[in-house]
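Predicted model, so just to flag it, every value in this text is computed and none were measured. The analysis underlying the following values was restricted to heavy atoms, covering all of them including side chains, and did not include hydrogens, waters or symmetry mates.
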Amino acid sequence: MDKAATTPVLDLHNVSKDFAKPSGEPLTVLADINVSLREGEILGLLGRSGSGKSTLLRIAAGLIAPSSGDVTYRGQRLGGPTEGIAVVFQTFALFPWLTVLENVEASLDALGIDRQETQRRALAAIDLIGLDGFQSAYPRELSGGMRQRVGFARALVIDPNVLLMDEPFSALDVLTAETLRTDLLDLWTSHRLPTKAILIVTHNIEEAVLLCDRILVLSGSPGQVTAEIPVDLPQPRNRLDQEFRAIADEIYEILTSRSLAAIKAHKESHGGIIHPLPRVFTNRMSGLIERLARPPCEAGADLATLSHILNMQLDDLLPAAEALHILEFAELMGDRLSLTAAGRSFADADIEERKRLFREHLLCFVPLAAHIKHVLDERALHRAPKLRFETELEDTFTRGDAEKTLRTIIDWGRYAELFTYDDRARSFVALQG
């Protein structure tokens, strides 16, 4: 069957979502999203934290309503949770006082199914997902992988047409996640799942290429679909295959190019002060600089290679690369990261010289840091309430993004010995000397 020709089982048309700022004004987190999930496919929603992936999945599940646009399931407008759609969440969310069997049966309670049929279906789902023999175990007795298998069984027991998964493997260790992905693919490709289509949210590029038939890349603020990438590779897939690596590299380049465009746009507006900073600690930046200064990365390296060398996921590596780019210790071009002359000097310097270099670059290339220092220098007591800067940021950011940016600037300012933060008084304090 030609997947492109099939009628969507789940369709999101021009979906947008707004949340209220503290001022009461709307803040758009998703804008004009169009997603069609077709029968017989696994569709991936890939993006960084904060791109709106999980919000979009909850809209698709009918758990929250869009501010505008339509969601249709099998041609009918979705007005809330429906029996044909099941969700597997990142957190296990099991009832700790119930056994495995009782947790799975709980999904059928609202359907009015008799007790005998409920137990039969629950046992079948437990067996399907590989937990036969653990029916009487409580969640506390299970490993993380087993608890997530219970989550899968609880979703599958209702025989959903559509399975929505919100980063279902991200809370697991690497080996457990790999095993669970493989088992899910085996069930899917052998047509043993009752599900007709799967939508998975992830920030893991390799996971998306391993699992999905199509990948939609979400980026920007507000979140928008910026690319659709078909994955025409037979299952099972090999991470080392040239075609696999080419698709992964393409996604890295899309995400980095969008990120760099956003950084440039923010620098050109508001004097650069109102610019979201990636939540990256200075020790991670230092470690990345040191790795880039050593073979085989001394001439620069693509992010996919760095991800393998450092065993870092996209949500950890890309913010660190962005931070070095913002501070001009490295240059991010496409999906390739290379140290600047200042970055190489930082790698060779001792602790005090590193702090001096970091302080210079922080004041020069992060206007928010210079702005905070200027405010503190002007005040007789060299103190300023955090609220003073929160108010400025929240005119443009969500409260969460404003908090993340301030937490980042506090860490960077402390390392640079520019200013510190008094948590009890909720105030920035200049460091003298």
Side-chain angles (χ1 to χ4, degrees), residues 1 3 6-12 35-46 53-64 71-76 78 80-94 103-108 110-111 121-122 124-131 145-172 177 179-204 207-216 231 235:
M1 181 184 294
K3 290 176 183 173
T6 60
T7 302
V9 63
L10 186 66
D11 194 47
L12 287 75
V35 175
S36 293
L37 177 63
R38 304 160 189 156
E39 189 168 311
E41 75 169 347
I42 300 178
L43 175 64
L45 288 178
L46 177 71
K53 308 184 301 294
S54 294
T55 299
L56 186 59
L57 181 132
R58 282 161 171 76
I59 291 173
L63 298 176
I64 59 176
V71 181
T72 57
Y73 168 65
R74 293 192 171 277
Q76 300 296 314
L78 196 66
T82 186
E83 187 177 327
I85 300 175
V87 185
V88 176
F89 294 103
Q90 176 181 351
T91 53
F92 311 125
L94 303 180
N103 265 285
V104 177
E105 288 175 336
S107 292
L108 298 172
L111 301 183
R121 288 175 60 172
I126 290 168
D127 183 46
L128 177 69
I129 210 65
L131 279 178
M146 286 181 173
R147 288 196 292 270
Q148 189 61 304
R149 286 178 187 271
V150 179
F152 276 104
R154 193 168 54 180
L156 295 173
V157 74
I158 65 171
D159 293 339
N161 287 306
V162 173
L163 182 62
L164 307 179
M165 300 193 293
D166 189 3
E167 305 207 31
F169 312 110
S170 62
L172 306 174
T179 298
L180 203 51
R181 281 190 210 102
T182 301
D183 288 350
L184 176 68
L185 269 177
D186 286 345
L187 292 172
W188 173 258
T189 55
S190 63
H191 305 290
R192 285 183 285 160
L193 290 179
T195 302
K196 302 296 189 297
I198 296 176
L199 176 65
I200 181 170
V201 161
T202 182
H203 64 262
N204 186 321
E207 178 175 273
V209 181
L210 278 169
L211 294 176
C212 299
D213 301 298
R214 283 190 300 139
I215 299 169
L216 301 181
V231 186
Q235 293 286 6

Short question: side chain of Glu105, backbone of Arg154 - any donor-acceptor pair under 3.5 Å?
no
Just verifying a value: how many Å separate [X] [atom1] and [Y] [atom2], rounded to the nearest 0.5 Å?
X: Leu10; Y: Leu78; atom1: CG; atom2: CG; result: 7.0 Å
X: Ile64; Y: Ile59; atom1: CD1; atom2: CD1; result: 4.5 Å
X: Leu46; Y: Glu207; atom1: CG; atom2: CD; result: 9.5 Å
X: Glu167; Y: Lys53; atom1: CD; atom2: NZ; result: 5.0 Å
X: Arg74; Y: Ile85; atom1: CZ; atom2: CD1; result: 10.0 Å
X: Leu156; Y: Thr195; atom1: CG; atom2: OG1; result: 5.0 Å

To check you understand the geometry: which heavy-atom pair defines the closest contact between [X] and [Y], and what is its length?
X: Pro194; Y: Leu128; value: CD-CD2, 4.5 Å
X: Asp213; Y: Gly40; value: OD2-O, 4.2 Å
X: Val88; Y: Pro168; value: CG1-CB, 4.0 Å
X: Ala125; Y: Ala153; value: CB-O, 3.7 Å
X: Ile42; Y: Leu211; value: CD1-O, 3.5 Å

Report the residues that fulfil salt bridge (Lys or Arg N to Asp or Glu O under 4.0 Å) with [X], sequence neighbours left out, ordered by chain and then residue number.
X: Arg58; answer: Asp166
X: Asp159; answer: Arg121
X: Asp183; answer: Arg149

Those residues that, when tested against [X], pass side chain to side chain contact (heavy atoms under 4.5 Å, CB included) (two or more places apart):
X: Asp11; value: Pro8, His13, Ser36, Thr72
X: Ala86; value: Ala155, Ile158, Pro160, Leu163
X: Ala124; value: none

Apply side chain to side chain contact (heavy atoms under 4.5 Å, CB included) to Leu187 and Ile129, showing your working.
CA-CA 9 Å; Leu187 292 172; Ile129 210 65; 4.0 Å; yes
For the pair Val35 and Leu43, evaluate side chain to side chain contact (heavy atoms under 4.5 Å, CB included) and give the outcome as yes or no after the intermediate values.
CA-CA 10 Å; Val35 175; Leu43 175 64; 3.7 Å; yes
Taking the side chain as everything from C-beta on, heavy atoms only, tell me whether [X] gets closer than 4.5 Å to [Y].
X: Met165; Y: Leu184; answer: yes
X: Val87; Y: Leu57; answer: yes
X: Phe169; Y: Thr202; answer: no

Does a side chain donor of either Gln235 or Thr189 reach within less than 3.5 Å of an acceptor in the other side chain?
no
Should Val162 and Lys196 be marked as a side chain to side chain contact (heavy atoms under 4.5 Å, CB included) after you check the CA-CA gap, both sets of side-chain angles, and the distance that decides it?
CA-CA 6 Å; Val162 173; Lys196 302 296 189 297; over 6 Å; no
Apply side chain to side chain contact (heavy atoms under 4.5 Å, CB included) to Glu41 and Leu37, showing your working.
CA-CA 7 Å; Glu41 75 169 347; Leu37 177 63; 3.9 Å; yes
